[in-house]
Amino acid sequence: MSYFLTLHPSSLNLRFYLSVSCFTTLTNLFPTTSSQNQLNITKQTQKHLISLIKSCSKKTHFLQIHAHIILTSLIQDPTISLHLLSRISFSPFRETRYSRQIFDQIPNPNLSHFNTIIRAYSISNSPEQAFFLFKNMRQKCVPTSPLTCSFAIKSCIRFCSLIGGVQIHARILRDGVQACRVFDEISQRDTVAWNVLISCYIRNQRTRDALCLFDNMNSEENECKPDDVTCLLVLHACAQLGALEFGEKVHSFIEEHGYGDAKNVCNSLIAMYSRCGSLDKAYWVFKGIREKNVVSWSAMIHGFAINGHGREAIEAFEEMQRRSVLPDDQTFTGVLLACSHCGFVDEGMMFLDRMSKEFNILPNIHHYGCIVDLLGRAGLLDQAYQVIMSMEVKPDSTIWRTLLGACRIHGHVNLGERVVGQLIELKAQEAGDYVLLLNIYSSVGNWEKVKELRCFMKEKGIQTTPGCSTIELKGVVQDFVVDDVSHPRKDEIYEMLDEINKQLKIAGYVAEITSELHNLAAEEKGYALSYHSEKLAIAFGVLVTPPGTAIRVAKNLRICVDCHNFAKVLSGVYNREVIIRDRTRFHHFREGHCSCNDYW
DNA sequence: GTAGGGTTAG
């Protein structure tokens, strides 16, 4: 029997014991299995062996057990090998090198094996090995657990590896396990470490914290400064938040540090300015790019589209072709978006047709989303439904929700109910969907159904998202919720809102009540609407900014008809440009008018 | 071989 050949070449200790002293003892101690290659183990043998391993208190004894396990190929049994590894790693006679020998003999180490050996290394004199094994797990496609990460990070801290810690940190966040505290434990943070943290914050919708980190990086005590990648990340956060002033600050930083020539930075600036409703500045940046690529054009087209400048978006699309820049799928998303936001039904359908025929780009779910929105808002609900049913991509919850939004606009009860049914079937229904259905019922005055659905929602404990509007003042984003009383200047804000309401009534503003959910008397409804979060944010804007300054508000949900009218009349009476970005689009108001097709 | 990164429906 050539059992020596089955041994790992490095396991000299074991060779020694096997060849010199223990072999006879071992075979007497344990009945060996007949074949070394076939693992044939009963539950009882396993149990017996494990209790032996556990009770083993001397190294010599342990060595004997180990030798036997190798000899009988029982090392292939994952439970036995784990106990063996665990005992040698955390016993009074522990020795990391020996742990490693055993680990290397295990044919297919699993998560528990890795956790054990990584833990052993993390408290040993060679903690860097823990990190290498952690990386090894990825290469071998062994999934990691929070425990693994915790040991691996500890080891990185012990051998002062920033790179290691950052890599594990990124992986933890990618795997959805929160461990931002790790960052604080890194002694030497470089720009990349900061950038990773910012990126993770943005991915986890903590955009405001991302902006704070930019400021922290920029502070005097901090040695490593933001670089071009930091700027890209932070611009993205500004765009999401609608934080224009902060975005401008980042823009100045970019210019000061000479990042302004980088095309990716410029493209991000275009996106940031357009998503903050500052189309002029977006266009200014766009014009400054010498060699505009497809991303620059797409970003600009998208910017025109979301700001309600559909004609310019389409012109830009034509211009880019004259300049021989080939459009891609995202360019068409922008073009179709322009059509949807401006109600260009025929053109939208034509572009959908052209993109595959002329440009060989197959429409994706985003393109169909625009088309469904376009048809739905135009009141062509059946046609929109047909598009969903006929498209080659599987409809997702978002696309059904788009159609549901259109059902609300047009008070389409039957289709609305069917769409909610589809969402429930997809198991993707959200509180907001039921709210839209409530809106549909109340807009047609079906209070019976409203009551029924409200009861259902109460029974099921469905929590609706509270409406929240934000407005930025001197680079700080401020929140307002419905009937907000938490603001330090709440008295002034409510006073201002009352004053605004008086002025607007004189100008002919009447509270629009169909969108309100409750079956209240008209007067009460008017009252219930008066403290919507966007109105509070606007009142705050009027209060704290000098006359003539544009008021920019971002809202997490859809703006209601009444607030829309309120802002429209206000833009004329107070001579203020009002820009409200809600969940689905921008609403620009100037001199008593709305730049898009009014509410829709 | 060297982390983090540009435009994307509602």
Side-chain angles (χ1 to χ4, degrees), chain A residues 135 161-171 173-174 189-203 210 213 224 226-236 239 259 262-272 274-275 282 285-286 289 292-306 316 320 325 327-341 348 352 363-374 376-377 387-388 391 393 395-406 408 430 432-433 436 556-558 581-585:
Chain A
K135 288 194 84 170
S161 168
L162 173 66
I163 291 175
V166 164
Q167 285 182 21
I168 298 164
H169 185 201
R171 169 135 183 106
L173 287 166
R174 215 170 288 161
R189 302 166 192 163
D190 65 3
T191 302
V192 176
W194 284 91
N195 289 351
V196 173
L197 194 64
I198 292 174
S199 162
C200 290
Y201 271 133
I202 295 171
R203 267 206 294 265
L213 283 175
C224 63
D227 67 359
D228 52 338
V229 177
T230 321
C231 294
L232 289 175
L233 290 164
V234 175
L235 285 177
H236 188 76
Y259 301 135
K263 212 165 289 175
N264 53 359
V265 172
C266 291
N267 295 340
S268 279
L269 279 169
I270 296 171
M272 183 277 293
S274 21
R275 291 210 59 190
V285 175
F286 174 75
I289 305 175
K292 301 170 186 63
N293 63 12
V294 61
V295 179
S296 322
W297 284 100
S298 300
M300 197 61 239
I301 290 170
H302 189 264
F304 279 132
I306 58 174
M320 76 182 276
V325 181
D328 65 7
D329 55 338
Q330 295 195 42
T331 320
F332 276 101
T333 307
V335 172
L336 293 175
L337 198 63
C339 297
S340 119
H341 280 219
L352 183 73
N364 62 26
I365 196 92
H366 295 245
H367 301 122
Y368 284 120
C370 295
I371 294 292
V372 169
D373 195 41
L374 169 65
R377 284 179 196 266
V387 168
I388 296 181
M391 59 194 203
V393 266
D396 62 0
S397 56
T398 306
I399 213 153
W400 286 119
R401 212 159 276 139
T402 307
L403 188 59
L404 187 59
R408 185 201 63 155
E430 289 170 2
D433 301 328
L436 279 177
N556 63 340
L557 307 171
R558 290 174 166 90
R581 188 181 86 179
D582 75 358
R583 206 189 158 120
T584 65
R585 56 188 55 213

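In this structure A:D433 satisfies the side chain to side chain donor-acceptor pair (under 3.5 Å) test together with A:R401, sequence neighbours excluded. In this view, A:L232 and A:N264, A:V265, A:S268 satisfy the side-chain contact (heavy atoms from CB on, under 4.5 Å) rule, not counting sequence neighbours.
Put simply, A:H302 has a side-chain N or O that comes within less than 4.0 Å of OP1 or OP2 on B:dT8.
Checking B:dG5, B:dA9, B:dG6 against every side-chain atom of A:V295, the shortest atom distance belongs to B:dG6. When the nucleotides B:dG10, B:dG6, B:dG4 are ranked by their closest atom to the side chain of A:T584, B:dG10 comes out on top. Of the candidate nucleotides B:dG10, B:dG5, B:dT7, B:dG5 has the atom lying nearest to any side-chain atom of A:R203. Considering only the side chain of A:S199, B:dG5 comes nearest among B:dG5, B:dG6, B:dG10. Distance from the side chain of A:T191 is smallest for B:dG4 among the nucleotides B:dG6, B:dT7, B:dG4. When the nucleotides B:dA9, B:dT7, B:dG10 are ranked by their closest atom to the side chain of A:I399, B:dA9 comes out on top. Across B:dG10, B:dT8, B:dG4, the shortest atom-to-atom separation from the side chain of A:V229 is found for B:dG4.
For A:L197 and B:dA3, the CG to C1' distance is 14 Å, given to the nearest whole Å. If you measure from atom CZ of A:R377 to atom P of B:dA9, you get 13 Å, rounded to the nearest angstrom. B:dT8 atom P lies 12 Å from atom NE2 of A:H341, rounded to whole Å. Per the geometry, CG belonging to A:N364 stands 8 Å off C1' belonging to B:dA9, to the nearest Å. Rounded to whole Å, atom C1' of B:dG6 lies 13 Å from atom CE of A:M272. Counting to the nearest Å, the C1' atom of B:dT8 and the CG atom of A:D328 are 9 Å from each other. As rounded to whole Å, 8 Å separates atom P of B:dT7 from atom CD of A:Q330. Here the P atom of nucleotide B:dG5 and the OH atom of A:Y201 are 16 Å apart, to the nearest Å.
Scanning atom types as modelled, one donor and one acceptor separated by under 3.5 angstrom connect the side chain of A:D227 and the base of B:dG4. Looking at A:N195, its side chain comes within 3.5 Å of the base of B:dG4 through a donor and an acceptor atom. Residue A:D396 places a side-chain atom within donor-acceptor reach of the base of B:dA9, judged by atom type and a 3.5 Å distance cut-off alone. Checked by distance alone, A:T398 brings a side-chain donor or acceptor within 3.5 Å of a matching partner on the base of B:dG10.
Residues A:L269 and A:L235 form a side-chain contact, since some pair of their non-hydrogen atoms from C-beta on lies under 4.5 Å apart. Inter-residue side-chain proximity for A:R377 and A:T584 is flagged as met; some heavy-atom pair is nearer than 4.5 Å.
Within 4.0 Å (heavy atoms only), A:H236 reaches sugar-phosphate atoms of the nucleic acid but no base atom. The residue A:D228 sits apart from the nucleic acid: no heavy atom pair falls under 4.0 Å. Within 4.0 Å of A:I365, counting heavy atoms only, lies at least one base atom of the nucleic acid.
Between A:G348 and A:I371, the shortest heavy-atom contact is O-CD1, 3.7 Å.
With 3.5 Å as the limit, one finds a donor-acceptor pair spanning the side chains of A:D373 and A:S340.
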